[in-house]
Amino acid sequence: MPQLCRDCLSLEVQSGAACRHCGSARLVWHDDLATLAIAHVDCDSFYASVEKRDNPALRDKPLIVGHPGGRGVVTTACYIARRFGARSAMPMFKALELCPQAVVIPPDMEKYRRVSSQIRAIFNSTTEVIEPVSLDEAYLDLSPAEHLFDRAPALSLAEIALRIEREVGITVSIGLAANKFLAKLASDMNKPRGFSVIGPREAKTLLAPMSVRCIHGVGEVLARRMAGAGIETIGQLQKMSEMEMVARWGSFGRRLALYVRGEDDRKVTPDRPRKSVSGETTFPRNLSRREDLEQALWPLCRKVAERMERGGVAGMSVVLKLKTGDFATITRSHRLTAPSRSAEVMFRHARALLRREVDGRAFRLIGIGFTDLCDGKSADQPDLFQFAAERKP
Ligand code: TTP
Ligand code: MG
């Protein structure tokens, strides 16, 4: 079964209690580990973790973020405070009754927003299809068409988690699945610092004993109505037909019928228009020969072109990216006279840009993309002059 080491980022078919490369026990196993591509990433006790990062004296203390005083509520309780029963949205006086030794800090939203955009930048280096849900959580689409690297999404996700720990100083939990509904459930299964995978095959069985409250969109009111009808677990909903659910809960019933089977057709919807469409590949070993580098270009061009077609966009500039053996990044671009999303056009210009850089240096990565995006409808119009020229006898 595929096994991912979350510390040294190795992915191989093996199973042991410890990673054979680094000895870590932080391993993830799943049959579909190499292919599942929809992720939900959620920071662990977000505001509290940021405050602990900024004041290490608080690290081992129970910490509550919220406005102190009689009528305030808990915004975030750190995992130590949670052991005493403190929870988000609990009245502060009650949380302090449960955990009187807790340190209380008022929230600093400006700071959390900054941390959030730092995390966003880390997501962005892996995919452009990011749907933030709040400051501390987002869905990521890492399917082959969107993933900027040619490798298993699980690997990129483990790397994202490590980078957030090293560069931002807080931890996240990751859920990986085939859709948003299951990815969100998964990210919550093993908090903090979790990495859980739900595959389509085990989804139904895993869902069956869960409370209906675990379903996205089932709030307190609906859960109470369901309880009134004797329905408490997802398993009970699995026994109902879609028609019955629609009859009871209207259009939400249709959605429910999908969810309880572990299905969800909602797309990860990016919140920002894309600025570029690109793809890159890291070589197993550094390359310096022109032929080798050019050979790596064509599949990338195909991939980017396909992604642009799907997204209905075209671009005005072709960008070539190279990373040298000592990690220096080089980007070179060429502006076209008319928008394009053609793999051939991209390849021709990228190759010309590449030829100017090949001088014996060793490269570890090549990337290619279109920027200055516009609507795809106007792209790659047949060139009238060229057409006329070709028709000349
Ligand atoms: P959550 O992700 O729900 O909670 P969390 O990050 O604190 O803890 P965990 O994910 O590890 O369970 O919410 C993220 C932030 O949103 C949280 O730190 C504070 C804020 N928040 C509120 O302001 N009020 C609330 O009721 C909740 C639940 C969260
Ligand atoms: Mg969170």
Side-chain angles (χ1 to χ4, degrees), residues 6 26 39-55 58-69 71-96 98-99 102-120 122-123 130-140 157 160-165 168-177 180-196 198 210-211 213-221 223 268 271:
R6 296 162 64 195
R26 297 206 316 138
H40 182 255
V41 185
D42 191 307
C43 302
D44 302 320
S45 61
F46 183 48
Y47 301 174
S49 304
V50 174
E51 298 304 339
K52 286 194 179 201
R53 173 197 74 174
D54 293 347
N55 183 357
L58 296 174
R59 213 180 60 198
D60 302 319
K61 299 209 167 87
L63 173 66
I64 290 176
V65 178
H67 291 287
R71 293 197 305 185
V73 293
V74 173
T75 311
T76 312
C78 78
Y79 277 79
I80 302 174
R82 288 184 203 190
R83 274 193 244 144
F84 295 88
R87 293 280 178 275
S88 303
M90 183 180 270
M92 187 63 83
F93 78 87
K94 183 152 179 235
L96 288 174
L98 293 165
C99 185
V103 178
V104 180
I105 292 184
D108 178 349
M109 294 311 295
E110 197 43 52
K111 180 157 78 176
Y112 311 142
R113 268 192 282 275
R114 276 201 308 274
V115 173
S116 182
S117 57
Q118 236 182 315
I119 293 173
R120 168 70 184 245
I122 293 175
F123 292 161
I130 302 165
E131 180 181 336
V133 182
S134 67
L135 283 186
D136 94 317
E137 62 178 303
Y139 292 101
L140 272 56
L157 290 164
I160 283 175
L162 283 182
R163 282 190 62 192
I164 294 174
E165 289 182 16
V168 184
I170 65 166
T171 64
V172 298
S173 292
I174 290 175
L176 175 62
K180 287 165 73 172
F181 173 64
L182 293 177
K184 166 112 182 161
L185 276 181
S187 74
D188 210 32
M189 271 170 26
N190 195 16
K191 264 181 165 291
R193 229 184 159 213
F195 192 124
S196 305
I198 304 180
M210 288 186 176
S211 154
R213 285 300 303 270
C214 297
I215 301 174
H216 178 82
V218 177
E220 213 170 304
V221 177
V268 178
D271 61 331

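When a residue number appears, it is its place in the shown sequence, counting from 1. Quick caveat: nothing in here was measured; it's all calculated off a predicted structure. As the structure lists them, so they are numbered: ligands from 1, and atoms in each ligand from 1.
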Protein non-hydrogen atoms only, distance under 4.0 Å: does atom 4 (O) of ligand 1 have such a neighbour? no
Do protein heavy atoms approach atom 8 (O) of ligand 1 to less than 4.0 Å? yes
Report the member of T75, V50, V74 with the shortest heavy-atom distance to atom 22 (C) of ligand 1. T75
To check your reading of the site, what angle at the Mg ion (ligand 2) do OD1 of D42 and OD2 of D136 form, to 10°? 100°
Is there a donor-acceptor contact under 3.5 Å from the side chain of [X] to the main chain of [Y]?
X: S173; Y: G194; answer: yes
X: R213; Y: A223; answer: no
X: S49; Y: S45; answer: yes

Which atoms of ligand 1 sit under 4.0 Å from any heavy atom of [X]?
X: S45; answer: 5 (P), 6 (O), 7 (O), 8 (O), 9 (P), 11 (O)
X: D44; answer: 11 (O)
X: D42; answer: 2 (O), 10 (O)
X: D136; answer: 2 (O), 6 (O), 13 (O), 14 (C)

Could you check [atom] against the protein and tell me its nearest heavy-atom contact, residue, atom and distance included?
atom: atom 11 (O) of ligand 1; result: Y79 OH, 2.6 Å
atom: atom 15 (C) of ligand 1; result: Y47 CE2, 3.9 Å
atom: atom 17 (C) of ligand 1; result: T76 OG1, 3.3 Å
atom: atom 12 (O) of ligand 1; result: R82 NH1, 3.1 Å
atom: atom 27 (C) of ligand 1; result: S88 CB, 3.9 Å

Y79 six-ring face occupied by R82 cation (under 6.0 Å, within 45°): yes
One residue to check: C43. Relative to ligand 1, which of side chain, backbone, both or neither has a non-hydrogen atom less than 4.0 Å away? backbone
Which one holds for M90 and ligand 1: side chain close, backbone close, both close, or neither close, with close meaning a heavy atom under 4.0 Å? neither
Would you indicate whether the side-chain heavy atoms of [Y] and [X] approach each other to under 4.5 Å?
X: I170; Y: I119; result: yes
X: D188; Y: D42; result: no
X: K180; Y: K184; result: no
X: V104; Y: L96; result: yes

Less than 3.5 Å apart, any donor N or O on the side chain of D44 or T171 sitting next to an acceptor on the other? yes
Between ligand 1 and K191, can you find any atom pair, the residue atom being a heavy atom, that is separated by under 4.0 Å? yes
When only distance counts, is D188 in polar contact with ligand 1, meaning an N/O pair under 3.5 Å? no
Is K94 atom NZ crowded by more than 12 heavy atoms from other residues, nucleotides or ligands, each under 6.0 Å away? no
Which pair of heavy atoms, one from F181 and one from H216, lies closest together, and at what distance? CE1-N, 4.0 Å
